[in-house]
Novice: 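The following block contains the structure, expressed as structure tokens.
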Amino acid sequence: MRVPVRYLAALIPALSIACAAQATTPPVGRPISSRFNADPSPHWFPAAKGFYLYATDDASNSGKYWDSVTWRLYTSPDMTTWRDAGAPLAVTVFKWARPGAKAWAPEAAYRNGKYYFYAPVGGDKIGVAVSDRPDGGFVDARNDPLVDRERDVNAGDEPIDPAVFVDKDGQAYMYFGTRVPKVVKLKPDMISLDGPIRIVKIDGLPASDPRKKYGEAPFMHEHDGTYYFTFSSGWPGQILYATASSPLGPFTYRGVVIDYLKISTNHQAILEHDGKSWVFYHDALLPGGGGYRRSIAIAPLEYGADGSIKQVAVTPGQPND
Ligand code: FUB
């Protein structure tokens with residue numbers, strides 16, 4: 001891929017602070033890589049002492065659909081300088097996957113001294129892989145899907161976009177799904193479902209605006225004792241949020257986190273570390289970018305005194321020249 005010189009020049013200030021000890025925030029709208037990527041799953045892994053960002057690999061798709069078959073990893077010491085750490089795994093790790101099954105929005109979690117990777121495979125199954133390290137060595141943790149549309153009651157039409165949240169009491173939850181948001185508890189082994197798959201209830205979505213509904217990209221985080229459920233409203237999608245006093249809800253709609261982008265999909269993740277909050281999102285930001293050639297960027301996330309999330313002003317992105 002050809003990258004204009006002016007874009008490379010824009011990266012130089014970021015490189016100069018590669019050794020910064022404290023997490024900083026790159027300018028809003030600046031892609032974390034010159035490689036196309038999407039569907040951010042960011043983490044601070046204390047054992048690895050670094051930021052790890054798993055992504056859908058838009059650089060290896062056909063350009064006509066989200067049909068890549070590998071996931072991508074980026075690492076950072078400080079949130080500003082990101083290194084392309086290659087493909088930590090591919091759909092082929094899952095022997096039950098149909099040949100060529102697409103690799104969509106990934107998720108990861110660290111627990112029990114191991115790294116777990118949650119993988120939407122082919123649009124109808126979610127697999128889980130495990131490794132002793134975050135950057136590779138992943139093997140199928142079960143040898144069958146963790147969620148399977150054909151097998152599991154209430155898995156929904158499209159069990160994709162897994163998001164794992166481990167609460168302070170140690171209980172893990174996995175959110176997923178298109179059009180109807182789902183949640184299921186995970187057992188402490190992180191590779192087994194614990195109880196039924198439930199629908200995430202969101203009250204108060206404004207009837208006056210039918211576009212404000214659940215579409216995809218569920219994500220859960222906790223802040224000051226409140227549980228925040230963020231999600232995309234669809235295609236095109238705004239990132240909306242709802243809050244509750246429990247990770248299982250019911251949730252009350254609160255507002256918009258990120259407005260519509262210039263592409264169809266919108267997909268967020270929120271990371272809190274050292275008292276700072278960031279929202280990761282994707283948009284068409286690089287030359288040649290578009291709906292199937294997306295780029296992940298980062299913006300600071302701020303709260304109001306009442307716990308509301310301030311809408312994030314993402315820039316419209318760099319011109320596609
Ligand atoms: O990357 C493929 C799909 O696009 C993801 O699963 C959705 O969240 C959307 O971002």
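Computed from a prediction, not measured in an experiment: that's the story for all the values here. Just so you know, ligand 1 is whichever comes first in the structure, and atom 1 is the first atom listed for that ligand.
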Novice: Among all the protein's non-hydrogen atoms, which is closest to atom 4 (O) of ligand 1, and how far away is it?
Specialist: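 Result for atom 4 (O) of ligand 1: R294 NH1, 3.2 Å.
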Novice: So which heavy atom in the protein is nearest atom 6 (O) of ligand 1, and how far is it from that ligand atom?
Specialist: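 Nearest protein contact, heavy atoms only, for atom 6 (O) of ligand 1 is D161 OD1, 2.6 Å.
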Novice: Below 4.0 Å from any atom of ligand 1, is there a heavy atom belonging to H282?
Specialist: yes
Novice: Among W71, F117, F280, find the one that has a ring pair (Phe, Tyr, Trp, His ring centres under 6.0 Å) with Y54.
Specialist: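 Answer after filtering W71, F117, F280: F117.
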Novice: Show the atoms of ligand 1 that are less than 4.0 angstrom away from any heavy atom in H267.
Specialist: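 Counting atoms of ligand 1 from 1, those under 4.0 Å from H267 are 7 (C), 8 (O), 10 (O).
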Novice: Number the atoms of ligand 1 from 1 as they appear, then name those within less than 4.0 Å of a heavy atom of T265, with their elements.
Specialist: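 Reading through ligand 1 atom by atom, the close ones are 4 (O), 9 (C), 10 (O).
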Novice: Testing Y214, F229, Y175, Y228 one by one against F251 for a ring pair (Phe, Tyr, Trp, His ring centres under 6.0 Å), which residue passes?
Specialist: F229
Novice: Should R98 and D124 be marked as a salt bridge (charged side-chain N to carboxylate O under 4.0 Å, His left out) after you check the CA-CA gap, both sets of side-chain angles, and the distance that decides it?
Specialist: CA-CA 11 Å; R98 288 184 299 278; D124 61 343; 3.3 Å; yes
Novice: Just to confirm my output: which protein heavy-atom neighbour is closest to atom 3 (C) of ligand 1, and how far is it?
Specialist: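 Heavy-atom neighbour on the protein nearest atom 3 (C) of ligand 1: D39 OD2, 3.9 Å.
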Novice: Evaluate the salt bridge (charged side-chain N to carboxylate O under 4.0 Å, His left out) criterion for residues D58 and R293: first the C-alpha distance (whole Å), next the side-chain angles of each, then the deciding distance (0.1 Å), finally the verdict.
Specialist: CA-CA 5 Å; D58 276 13; R293 291 280 159 85; over 6 Å; no
Novice: Report the nearest protein non-hydrogen atom to atom 9 (C) of ligand 1: residue, atom name, distance rounded to 0.1 Å.
Specialist: E216 OE2, 3.4 Å
Novice: Quick one: CG on L186 to OH on Y118, what's the gap to the nearest 0.5 Å?
Specialist: 5.5 Å
Novice: Salt bridge or not for D140 and R142, using N-O below 4.0 Å?
Specialist: no
